[in-house]
Amino acid sequence: MPDTHQNHIDGSWQHAASGDTLDNRNPASTDDLIGRFPDSSAGDVDEAARSARAAFDDWRATPAPQRGEILRRAGDLLAERKTEIARVMTREMGKPVFETEGDVQEAIDTAYYAASETRRLFGKTVPSELPDKFNMSVRRPVGVCGVITAWNFPVAVPSWKILPALAAGNTVIFKPSEESPHSGELFARVLLDAGIPPGALQLVQGAGAVGQAMTEHPEVDLIAFTGSSETGAQIAAECGERHKQVSLEMGGKNPMIVMEGADLNLALEGVVWGAFGTTGQRCTATSRLICHESVHDELVGRIKEEARELTIGAGLDDDTEMGPLINQQALDKTTRYVEIGQDEGATLALGGEAASGEDLGDGFFFEPTIFTGVDPEMRIAQEEIFGPVLSVFEISSYEEAVRLANDTRYGLSSSIYTNNVQHSFRAMQDLEAGITYVNGPTIGAEAHMPFGGVKATGNGHREGGWTAFDIFTETKTVYVDYSGQLQKAQMDTHE
Ligand code: NDP
């Protein structure tokens with residue numbers, strides 16, 4: 001019998017009030033029923049929100065460095081449990097264990113970073129325009145933060161939100177994706193075991209309805225969301241109506257440019273990892289390769305050779321390099337986009353089908369797929385497929401490369417391979433993206449650096465690094481007048 005898991009609400013582990021559950025299955029082998037997780041509803045969210053509100057005053061009054069000590073312990077516990085969590089994560093969402101260990105490591109790095117930030121949380125002091133008056137800004141936590149996340153980084157992405165939110169003195173309601181509830185639960189358990197007060201972290205499992213109830217709940221002050229641009233837009237509209245703060249991390253269609261004279265060995269390794277790592281299911285996946293005509297044929301030929309050699313299989317197998325897609329819908333969607341690409345006139349240069357074989361059973365495996373001769377107006381050039389599909393474009397100048405790179409509604413990551421210093425420095429300015437890598441693929445975020453995108457990828461916020469604290473704190477401006485008299489700004493200084 002599979003285990004039946006619970007929510008963590010108001011300090012206790014409990015089933016959804018309805019008693020309903022959702023099955024969690026292994027995408028590499030659908031017979032493998034991992035467990036049953038609460039299919040929660042608005043009533044569960046209501047209880048969690050009230051409890052998070054009640055816990056807020058104590059948690060925000062706890063000195064920030066003491067909050068940091070708990071987060072440091074959480075980092076230690078994550079390090080102790082890294083392999084255990086990674087294997088659970090691989091089983092429920094598919095990517096190979098070396099990748100899920102990297103996912104947990106990102107949370108460890110974020111925990112230590114957030115802990116260290118509790119000894120800074122800087123405000124500013126600035127001179128007053130009046131005598132005997134002191135001006136400063138200080139940070140205050142926002143309140144109850146609703147955290148809604150996707151399944152492709154089931155621990156790393158929640159950690160980018162939850163750890164800085166807690167460090168800053170907020171309380172949190174966490175809704176993991178229904179595709180990765182077990183990893184979400186293990187992450188929550190680490191935090192609670194490290195000493196986060198029970199009311200400060202609520203775990204409410206379930207489908208999109210839970211996220212929606214959080215968005216609508218009056219006691220939830222802020223929504224921090226990672227997922228598709230479509231869901232993000234809905235959440236932003238709901239939050240706008242309710243004057244609720246919202247931070248959005250959404251989809252991507254990330255370009256890698258390879259210019260003439262670039263190191264092709266480096267570019268080759270980068271594009272194979274960027275396009276087919278995590279089976280292309282990364283927000284920062286390299287989904288467009290923009291290749292200078294002088295290197296196009298050689299590079300594409302070599303990518304095809306490398307990609308067809310990738311070992312596809314269950315992520316729990318040691319030699320697997322590319323795991324399954326997350327579910328049947330993802331398999332259908334990727335298949336559909338291959339048909340669309342062919343109908344649009346692109347050349348299917350590699351793959352294009354579900355991968356099958358004795359070892360692959362009924363898992364959602366798909367071949368590494370490459371389209372060449374792609375035009376910018378094609379749907380495979382514009383839409384996020386979220387599978388192992390690379391669209392290749394051929395260009396003849398730096399200007400054309402940048403025009404093409406920017407010709408998308410998304411703006412998360414971007415990359416340029418070049419040994420030309422002018423092109424590298426111009427690309428840093430010219431590419432419309434939150435992140436630009438020079439001589440690296442579009443993936444590889446570090447926990448202490450800002451992360452996020454422009455255009456339909458984001459809404460102006462950056463997670464990661466110091467900028468995450470701008471999301472999870474409010475600035476309070478403070479004036480202290482010790483002149484003993486009424487001083488009128490603007491008027492007393494300009495009589
Ligand atoms: P979805 O938008 O489908 O779901 C994201 C989360 O939102 C899930 O927890 C989902 O619940 C929940 N949700 C669904 N509907 C609503 C709603 N109406 N109100 C509130 N919450 C809701 O995205 P996926 O999970 O499929 O993730 C893939 C997407 O995430 C891709 O577009 C990818 O690019 C993006 N992503 C972006 C990242 C970034 O940092 N920019 C990082 C990682 C992924 P449930 O699914 O459980 O029903």
Side-chain angles (χ1 to χ4, degrees), residues 22-24 27 37-42 45 92-93 95 103 106 146-161 173-184 203-217 220 223-239 242 244 246-254 278-287 325-327 329-330 333-334 383-387 408-413 433-435 442-443 445 447 449-459 461-464 468 471:
L22 293 166
D23 287 355
N24 182 22
F37 288 80
D39 184 10
S40 312
S41 51
V45 171
E92 74 176 349
M93 61 70 67
K95 63 187 176 186
D103 196 302
E106 209 162 318
V147 170
I148 304 171
T149 49
W151 49 268
N152 60 341
F153 284 87
V155 168
V157 164
S159 81
W160 291 357
K161 302 174 193 299
I173 309 173
F174 172 31
K175 186 210 106 56
S177 165
E178 67 186 281
E179 299 286 0
S180 58
H182 201 183
S183 308
L203 173 73
V204 188
Q205 302 275 13
V210 173
Q212 178 144 7
M214 282 161 60
T215 305
E216 290 170 356
H217 201 287
V220 177
I223 295 288
F225 169 80
T226 293
S228 63
S229 297
E230 290 67 31
T231 309
Q234 269 181 43
I235 290 176
E238 302 270 2
C239 289
R242 293 167 174 76
K244 197 171 279 201
V246 59
S247 152
L248 304 170
E249 295 287 350
M250 300 172 287
K253 190 75 184 174
N254 312 289
T278 324
T279 322
Q281 301 169 111
R282 289 177 179 237
C283 48
T284 52
T286 306
S287 48
L325 290 163
I326 186 67
N327 54 28
Q329 291 96 294
K333 181 178 174 191
T334 309
E383 297 173 16
E384 186 184 45
I385 300 172
F386 225 55
T408 162
R409 73 185 186 118
Y410 297 108
L412 182 52
S413 188
I435 307 165
T442 56
I443 61 182
M449 295 291 286
F451 182 94
V454 301
K455 303 201 276 191
T457 297
N459 68 334
H461 292 291
R462 293 290 180 275
E463 293 185 340
I471 300 173

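For this chain, numbers begin at 1 and follow the sequence in order. Indexing begins at 1, ligand by ligand and atom by atom, following the structure's order. Keep in mind it's a predicted model, so treat the numbers as computed, not measured.
Within the 4.0 Å heavy-atom criterion, the part of I235 lying near ligand 1 is the side chain and not the backbone. When heavy-atom distances to ligand 1 are checked against a 4.0 Å cut-off, F225 comes that close only through its side chain, counted from C-beta outward. Looking at I148 against ligand 1, only its side chain comes within 4.0 Å, counting heavy atoms. Counting heavy atoms under 4.0 Å from ligand 1, residue Q281 does not touch it at all.
Remark: ligand 1 and R282 share no N or O pair separated by less than 3.5 Å (distance only, no angle test). Of the polar atoms of S228, at least one N or O is found under 3.5 Å from an N or O of ligand 1, judged by distance alone. No N or O atom of S229 sits closer than 3.5 Å to an N or O atom of ligand 1. Among the atoms of E384, some N or O lies under 3.5 angstrom from an N or O of ligand 1.
Considering only non-hydrogen protein atoms, atom 6 (C) of ligand 1 sits nearest to T149 O, 3.5 Å. Looking only at heavy atoms of the protein, atom 24 (P) of ligand 1 is closest to W151 NE1, 3.7 Å. Nearest to atom 43 (C) of ligand 1 among the protein's heavy atoms is N152 OD1, 3.2 Å. Here the heavy atom of the protein found nearest to atom 36 (N) of ligand 1 is C283 CB, 3.5 Å. In this structure, the protein non-hydrogen atom closest to atom 3 (O) of ligand 1 is T231 OG1, 4.0 Å. When only non-hydrogen protein atoms are considered, atom 19 (N) of ligand 1 lies nearest to Q212 N, 3.5 Å. If you check which protein heavy atom lies closest to atom 35 (C) of ligand 1, you get G227 O, 3.2 Å. Shortest contact from atom 46 (O) of ligand 1 to any protein heavy atom: E178 OE2, 3.8 Å.
A heavy-atom distance below 4.5 Å is found between the side chains of L203 and P176. The shortest side-chain heavy-atom distance between K333 and L325 does not fall under the 4.5 Å cut-off. Counting only heavy atoms from C-beta outward, the side chains of Q205 and V210 never approach each other to under 4.5 Å. With a 4.5 Å cut-off on side-chain heavy atoms, I443 and S413 do not count as touching.
Closest of all the heavy-atom pairs between R462 and V454 is NH2-CG1, 3.6 Å.
Within the model, atoms CG of L412 and CZ of R282 stand 12.0 Å from one another, a figure rounded to the nearest 0.5 Å. One distance of note links CD of E179 with CZ of F37; it measures 12.0 Å at 0.5 Å rounding. In this structure, CD1 on I471 lies 9.5 Å from CG on L248, to the nearest 0.5 angstrom.
Across the listed options E179, K253, M250, E230, M250 owns the non-hydrogen atom lying nearest to atom 41 (N) of ligand 1.
Those atoms of ligand 1 that come under 4.0 Å of a heavy atom in G211, given as number and element, are 19 (N), 20 (C), 21 (N). Within the listing of ligand 1, atoms 41 (N) sit less than 4.0 angstrom from a heavy atom of L412. Ligand-side atoms of ligand 1 in range of Q234: 18 (N), range being under 4.0 angstrom from any heavy atom. Listed by number with element, the atoms of ligand 1 under 4.0 Å from a non-hydrogen atom of G206 are 47 (O). Here is the list of ligand 1 atoms found below 4.0 Å of a heavy atom in G208: 11 (O), 13 (N), 14 (C), 15 (N), 16 (C), 17 (C), 19 (N), 20 (C), 21 (N), 22 (C), 45 (P), 48 (O).
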When you look at T442 and T286, which way does the side-chain hydrogen bond (donor to acceptor under 3.5 Å, both in side chains) test go after all the steps?
CA-CA 6 Å; T442 56; T286 306; 2.6 Å; yes
side-chain hydrogen bond (donor to acceptor under 3.5 Å, both in side chains) evaluation trace for N24 with E92:
CA-CA 7 Å; N24 182 22; E92 74 176 349; 2.7 Å; yes
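For A209, the heavy-atom gap to ligand 1 stays at 4.0 angstrom or more.
Per-atom contact check: atom 27 (O) of ligand 1 touches the protein, criterion being a heavy-atom distance below 4.0 Å.
The side chain to side chain donor-acceptor pair (under 3.5 Å) search around T279 returns none, not counting sequence neighbours. Partners of E216 by salt bridge (charged side-chain N to carboxylate O under 4.0 Å, His left out), not counting sequence neighbours: none found.
Residue T149 is tested with K161, K175, E249 for a side chain to side chain contact (heavy atoms under 4.5 Å, CB included); the sole match is K161.
Between the side chains of W160 and E106, a donor-acceptor pair is found at a separation under 3.5 Å.
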